[in-house]
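Structure record follows, encoded as structure tokens.
First the proteins, then the strands, lettered A, B, ... as listed; each starts at 1. What's counted below: heavy atoms across the whole structure, side chains too, no hydrogens, waters or symmetry copies.
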Amino acid sequence: DTAVSQTPKYLVTQMGNDKSIKCEQNLGHDTMYWYKQDSKKFLKIMFSYNNKELIINETVPNRFSPKSPDKAHLNLHINSLELGDSAVYFCASSQVGTGDSYEQYFGPGTRLTVT
Amino acid sequence: GNSVTQMEGPVTLSEEAFLTINCTYTATGYPSLFWYVQYPGEGLQLLLKATKADDKGSNKGFEATYRKETTSFHLEKGSVQVSDSAVYFCALGGSNYQLIWGAGTKLIIKP
């Protein structure tokens with residue numbers, strides 16, 4: 001009964017390709033996030049959705065497009081992959097508007113390698 | 001703007017040593033403060049939190065006290081174990097329920 005799951009866990013692809021990463025949470029949370037973690041473990045917020053609406057959209061290339069078909073899913077599509085996109089991508093979720101609004105539950109990560 | 005500064009790692013200690021990982025913050029008002037931990041190959045998980053000044057968060061033997069005078073939230077543990085080896089992130093609660101993250105501190109515990 002995984003709380004936040006991501007697929008795939010590993011993704012190796014060539015420059016110029018298009019790929020998607022999927023995320024699902026079964027916690028009943030209303031907010032989901034995508035983060036990028038680089039090789040030095042620095043964590044950067046990319047997007048956040050609350051009840052399927054985009055609320056955080058940091059400075060991220062247009063090649064990255066999130067999509068939230070429902071509250072439990074947040075997918076990330078990446079066009080024209082570049083070498084610099086290689087990183088670990090984490091999905092997370094939280095229930096905002098409560099005392100635990102900032103408690104985010106993370107998925108296991110997707111390690112993307114662009115060659 | 002709001003920001004979090006953590007001590008640079010890696011921090012290398014022997015088992016049963018005392019641990020301190022420093023964290024200071026810059027913020028308007030009094031945001032909630034957090035420590036998250038990332039074990040190798042896993043996602044982050046909440047370790048402890050403090051929601052107001054002088055609060056002490058604690059979990060799994062780790063503690064951190066919210067000090068508004070020094071704008072700090074240092075993580076401590078009295079006796080570390082090899083299983084504590086991980087990357088530790090300090091964070092503060094920002095607008096839109098966004099967490100403002102520190103750079104992370106890698107902790108290595110040697111037996």
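- Residue B/Met7 is grouped with residue B/Leu47 when hydrophobic side chains (ILVMFWY) are merged at heavy-atom distances under 4.5 angstrom, including chains of intermediate members.
- Within the structure, the disulfide bond (SG atoms under 2.5 Å apart) test picks out the following pairs touching residues 25-115 of chain A (sequence neighbours left out): A/Cys23-A/Cys91.
- At a threshold of 4.5 Å between side-chain heavy atoms, the hydrophobic network of Ile, Leu, Val, Met, Phe, Trp and Tyr places B/Leu46 and A/Phe90 in one connected group.
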Give the atom names and distances for all donor-acceptor pairs closer than 3.5 Å across chain A and chain B.
unit_1: A/Tyr35; atom_1: OH; unit_2: B/Trp101; atom_2: NE1; d: 3.3
unit_1: A/Gln37; atom_1: OE1; unit_2: B/Gln38; atom_2: NE2; d: 3.1
unit_1: A/Gln37; atom_1: NE2; unit_2: B/Gln38; atom_2: OE1; d: 2.9
unit_1: A/Asp100; atom_1: OD1; unit_2: B/Lys49; atom_2: NZ; d: 2.7
unit_1: A/Tyr102; atom_1: O; unit_2: B/Tyr36; atom_2: OH; d: 2.8
unit_1: A/Tyr102; atom_1: OH; unit_2: B/Gly94; atom_2: O; d: 2.7
unit_1: A/Gln104; atom_1: N; unit_2: B/Tyr36; atom_2: OH; d: 2.8

Requested in this report: Would you sort out whether B/Leu99 and A/Leu43 count as a side-chain contact (heavy atoms from CB on, under 4.5 Å), showing the intermediate values?
Outcome: CA-CA 10 Å; B/Leu99 284 167; A/Leu43 204 60; over 6 Å; no

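- Every pair passing salt bridge (Lys or Arg N to Asp or Glu O under 4.0 Å) that includes a residue from residues 66-90 of chain A is listed here, sequence neighbours excluded: A/Arg63-A/Glu82, A/Arg63-A/Asp85.
- For chain B, the nearby part of A/Ile45 is the side chain; its heavy atoms alone come within less than 4.5 Å.
- A single hydrophobic cluster is not seen to contain both A/Leu83 and A/Val12; linkage of ILVMFWY side chains at heavy-atom distances under 4.5 Å, directly or through other members, places them apart.
- Side-chain heavy atoms closer than 4.5 Å link hydrophobic residues (I, L, V, M, F, W, Y) into clusters, and following such links, possibly through other members, connects B/Leu92 to B/Phe62.
- Residues that satisfy the side chain to side chain contact (heavy atoms under 4.5 Å, CB included) test with A/Pro69, not counting sequence neighbours, are A/His73, A/Asn75.
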